[in-house]
S.K.: 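Take a look at the following structure, please.
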Amino acid sequence: MIGRTYLERGRAVTVVVAYAAPSKARPLPGRPSWPTWRRAPRPAPRNVLVRRVDGQAVVRPFRGLRLPGAGEAR
């Protein structure tokens, strides 16, 4: 995902930094590993830092970004 180019309203943007969820393989520091942690029913939005063609860096939700070529009429 990082370094890939997506379209935001038809204009190209590059993902600079993306949200990374903590790994499920290791328990969080200072927390016992025995409790069963459940996910929230509605996960939080995945925000990304994108750089636009004009050089502006903006934090925005990943939702709404499209891959180039996806959604074109065939």
Side-chain angles (χ1 to χ4, degrees):
M1 173 189 287
I2 296 174
R4 292 185 85 179
T5 300
Y6 292 90
L7 295 177
E8 175 190 31
R9 298 182 189 155
R11 296 191 178 118
V13 296
T14 303
V15 175
V16 179
V17 177
Y19 169 79
S23 173
K24 291 183 179 180
R26 292 176 273 139
L28 296 172
R31 304 272 177 119
S33 60
W34 54 266
T36 303
W37 303 103
R38 288 196 271 166
R39 288 187 114 167
R42 296 184 70 191
R46 299 184 316 169
N47 292 332
V48 291
L49 175 67
V50 296
R51 185 166 309 278
R52 295 182 176 152
V53 176
D54 62 0
Q56 183 182 18
V58 179
V59 175
R60 58 154 289 138
F62 182 74
R63 191 180 90 195
L65 296 179
R66 303 286 180 243
L67 286 172
E72 292 179 353
R74 292 184 181 182

S.K.: Working to the nearest 0.5 angstrom, can you tell me the gap between Arg4 CZ and Leu67 CG?
M.R.: 5.5 Å
S.K.: Does the Arg60 side chain pair with the main chain of Arg63, one donor and one acceptor, at a distance under 3.5 Å?
M.R.: yes
S.K.: For the residue pair Ala12 and Thr5, what are the closest heavy atoms and their distance?
M.R.: CB-CG2, 4.0 Å
S.K.: Taking the side chain as every heavy atom from C-beta outward, state whether Val58 and Arg52 have any atom pair closer than 4.5 Å.
M.R.: yes
S.K.: Taking side chain to side chain contact (heavy atoms under 4.5 Å, CB included) as the criterion, tell me which of Val50, Val48, Leu49 meets it with Val16.
M.R.: Leu49
